[in-house]
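Worksheet: one structure, shown below.
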Amino acid sequence: MNFSNKLISWYQLHKRDLPWRHTSDPYFIWLSEIILQQTRVNQGLPYYLRFVEAFPSVQDLAAAPQEDVLKLWQGLGYYSRARNLHTAAVQVVDNGDTFPNNYKELLKLKGIGDYTAAAIASFAYNEPVAVVDGNVYRVLSRIFGISTPINSTDGIKEFKKLAQELIDPKHPASHNQAIMEFGAMQCVPKNPDCNICPFQKDCVAFQDERITELPVKIKKTKVLNLHHHYMVTVTPSGKTILQERPQSGIWAGLYEFPFVEAKGALLPSELTTAVDYENVYSGVRFRESVFNQEPIIHKLSHRKIHAYFWIIHTESELENAITIEGARSKPLHVLMERFMTQFWPLKS
DNA sequence: AATTCGGGGCG
DNA sequence: CGCCCAGAATT
């Protein structure tokens with residue numbers, strides 16, 4: 001039995017029952033693939049179900065305000081995926097409601113790269129293009145004993161070529177599903193159970209006892225420490241002020257309290273010096289106190305945010321203040337959502 | 001060719 | 001605490 005047949009046989013026995021495996025509709029497949037980029041199935045699954053419910057067709061998605069899409073994406077991270085998803089939906093509708101039906105055309109859609117184009121093309125149209133995701137890198141590097149770094153230019157080229165040579169042109173969809181599922185369920189990153197692996201005899205890494213060494217990845221983790229002092233405005237009627245993040249960079253397009261960046265903790269006097277209060281509160285009198293003496297730590301893959309929340313009670317109403325319900329209905333990043341849940345508990 | 005985009009789960 | 005996840009866009 002060749003590589004692909006073996007893989008597909010394993011897949012038939014061990015595949016998980018996932019909703020996007022019951023459809024060949026490119027829209028639903030596309031949706032699932034975008035949601036699952038750099039995201040575990042268990043984390044993405046509830047989002048997929050909610051998106052299908054809220055936007056049953058690409059036309060529904062295109063017609064929605066981008067803010068609605070971001071709100072539904074809230075908490076999933078990598079928010080440019082949601083923005084690009086919406087942009088691409090509009091692209092499709094503008095193109096006469098025609099969804100691209102091949103790898104090359106799929107690549108033209110915003111947010112669809114090499115992997116996603118191959119996934120949709122193979123799953124929906126049975127085009128024989130190999131997917132190469134994190135699972136595929138791991139499976140191939142181990143079975144074939146390849147130590148080229150998977151995130152180097154050479155590695156990307158080498159693994160893509162090998163993956164394409166291995167794909168069964170008769171069963172592109174099953175093959176691609178199978179190799180990824182195999183990586184996710186059997187050839188896992190840590191402590192794979194090689195004793196029940198159908199490729200044990202073929203696997204170079206297992207024979208050479210190099211499972212823990214493969215795949216090789218060049219690591220570059222620079223974590224930047226940031227200190228954010230958020231200003232939680234509370235007006236006499238209980239309204240507050242949010243501002244939208246810039247359209248680029250981290251948390252683009254999401255909402256949060258206005259904040260100032262500092263080098264660490266601040267005294268109230270230092271805060272009032274750092275903030276252009278006149279601009280925010282336009283002459284209105286206020287008093288402020290810090291909500292948390294110790295910073296709330298919010299960790300991201302490349303940032304560690306030390307967050308301080310200053311509760312600022314104003315003596316009069318403000319023009320640009322919105323209700324708490326209004327604030328909570330905006331798309332928020334997890335740090336914001338967590339604070340609001342703690343500060344303004346939902347009353348049932 | 002590198003860096004930048006989140007958040008959560010696991011050992 | 002570091003690594004990884006159905007990667008893509010930007011610099």
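Letters A, B, ... are given to chains in the order of the sequence lines, protein chains preceding strands, and every chain is numbered from 1.
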Checklist entry - Using the P atom in both, what is the distance from C:dC3 to B:dT3, to the nearest Å? => result 16 Å
Next on the checklist: With ring pair (Phe, Tyr, Trp, His ring centres under 6.0 Å) as the test, pick out the partner of A:Y137 among A:F159, A:Y115, A:F144.
Outcome noted: A:F159
Checklist outcome for this item: Sorted by position of nearest nucleotide on DNA chain C, 5' first, the leading residue of A:L107 and A:S301 is A:S301
Item to check | Interatomic distance, A:L254 CG vs B:dG6 P [rounded to whole Å] | outcome: 8 Å
Checklist entry - Would you call A:Y78 stacked on B:dG6, i.e. ring centres under 5.5 Å apart with the planes less than 30° off parallel? => result yes
Checklist entry - Rounded to whole angstroms, how far apart are CD on A:Q38 and P on C:dC4? => result 11 Å
Item to check | Donor-acceptor pair under 3.5 Å, A:T39 side chain vs B:dG7 base | outcome: no
Next on the checklist: Using a heavy-atom cut-off of 4.0 Å across all strands, would you classify A:G249 as base, sugar-phosphate, or nothing?
Outcome noted: sugar-phosphate
Checklist entry - Counting side-chain heavy atoms from CB outward, which of C:dG7, C:dA6, C:dC1 is closest to A:K299? => result C:dC1
Next on the checklist: With nearest nucleotide decided by heavy atoms, which residue, A:I218 or A:K190, maps closer to the 5′ end of DNA chain B?
Outcome noted: A:I218
Checklist entry - Are any of the side-chain nitrogens in A:K71 or A:E67 under 4.0 Å away from the carboxylate oxygens of its partner? => result no
Checklist entry - Nearest to the side chain of A:V334 - B:dG7, C:dA6, B:dA2? => result B:dG7
Checklist entry - Separation of A:R303 atom CZ from B:dT4 atom P, in whole Å? => result 8 Å
Checklist entry - Strictly by modelled atom types, are A:E127 and A:N102 linked by a side-chain donor-acceptor pair under 3.5 Å? => result no
Checklist outcome for this item: The nucleotide from B:dG7, B:dC5, C:dA6 with an atom nearest the side chain of A:I250 is B:dC5
Next on the checklist: Using a heavy-atom cut-off of 4.0 Å across all strands, would you classify A:G183 as base, sugar-phosphate, or nothing?
Outcome noted: nothing
Checklist entry - Where the side chain of A:N84 is concerned, which of C:dG7, C:dC4, C:dA9 is the nearest nucleotide? => result C:dA9
Checklist entry - Between C:dC5 atom P and A:I34 atom CD1, what is the distance in whole Å? => result 18 Å
Checklist entry - Can you say whether the rings of A:F182 and A:W10 are parallel (under 30°), tilted (30 to 60°) or perpendicular (over 60°)? => result perpendicular
Checklist entry - Toward the 5' end of DNA chain B, which comes first, A:T153 or A:S248, by nearest nucleotide? => result A:T153
Checklist outcome for this item: The residue, A:Q43 or A:G113, whose nearest nucleotide of DNA chain C is more 5′ is A:Q43
Checklist entry - When rounded to the nearest Å, what value does the distance between P atoms of C:dA6 and B:dT4 take? => result 24 Å
Checklist outcome for this item: The nucleotide from C:dA6, C:dT10, C:dG7 with an atom nearest the side chain of A:V41 is C:dA6
Next on the checklist: We want to know whether A:H333 and A:E256 form a side-chain donor-acceptor pair, criterion being a heavy-atom distance below 3.5 angstrom.
Outcome noted: yes
Checklist entry - Minimum heavy-atom separation for A:C203 to A:R142, with atom names? => result SG-O, 3.5 Å
Next on the checklist: When you compare the side chains of A:Q37 and A:R81, does any donor N or O come within less than 3.5 Å of an acceptor on the partner?
Outcome noted: no
Checklist entry - OP1 or OP2 of B:dG6 sitting under 4.0 Å from any side-chain N/O of A:H298? => result no
Checklist entry - According to a strict under-4.0 Å criterion, is A:K219 in side-chain N/O contact with OP1 or OP2 of B:dA2? => result no
Checklist entry - Which part of the nucleic acid does A:I35 contact within heavy-atom distance under 4.0 Å: base, sugar-phosphate only, or nothing? => result nothing
Checklist entry - Looking across every strand, which nucleic acid part, if any, lies under 4.0 Å from A:S32 by heavy atom: base, sugar-phosphate, or nothing? => result nothing
Item to check | Under 4.0 angstrom between A:W251 side-chain N/O and B:dG7 OP1 or OP2 | outcome: yes
Next on the checklist: Could you tell me how far apart A:M336 (CE) and B:dG6 (P) are, to the nearest whole angstrom?
Outcome noted: 14 Å
Checklist entry - Taking atom C1' in both B:dG9 and C:dA8, what distance in whole Å separates the two? => result 23 Å
Next on the checklist: Using a 4.0 Å heavy-atom cut-off, does A:N191 contact any base of the nucleic acid, only the sugar-phosphate backbone, or nothing at all?
Outcome noted: sugar-phosphate
Item to check | Between B:dG8 and C:dA9 - P atom distance, rounded Å | outcome: 24 Å
Checklist outcome for this item: A:R138 atom CZ is separated from C:dC5 atom C1', nearest whole Å, by 9 Å
Next on the checklist: What contact category does A:D114 fall into here, base, sugar-phosphate, or nothing, at under 4.0 angstrom with non-hydrogen atoms?
Outcome noted: sugar-phosphate
Checklist entry - For A:R81 and B:dG7, is the shortest distance between a side-chain N/O and OP1 or OP2 below 4.0 Å? => result no
Next on the checklist: Work out how far the P atom of B:dG6 is from that of C:dT11, and round it to whole angstrom.
Outcome noted: 15 Å
Next on the checklist: Measure NE2/A:H302 against P/C:dA8 and give the value in whole Å, please.
Outcome noted: 18 Å
Next on the checklist: Just to be sure I understand the rule, does A:R21 reach a base, reach only the sugar-phosphate, or reach nothing, if contact means heavy atoms closer than 4.0 Å?
Outcome noted: base
Next on the checklist: Need one value for A:W20: base, sugar-phosphate or nothing, where a base atom within 4.0 Å counts as base even if backbone is also close, heavy atoms only.
Outcome noted: base
Checklist entry - Is A:S80 near enough to B:dT4 that one of its side-chain N or O atoms lies under 4.0 angstrom from OP1 or OP2? => result no
Item to check | For atom CG of A:L300 and atom C1' of B:dT4, their distance in whole Å | outcome: 12 Å
Next on the checklist: Looking only at the side chains, is there a donor atom on one of A:H22 and A:D17 sitting less than 3.5 Å from an acceptor on the other?
Outcome noted: yes
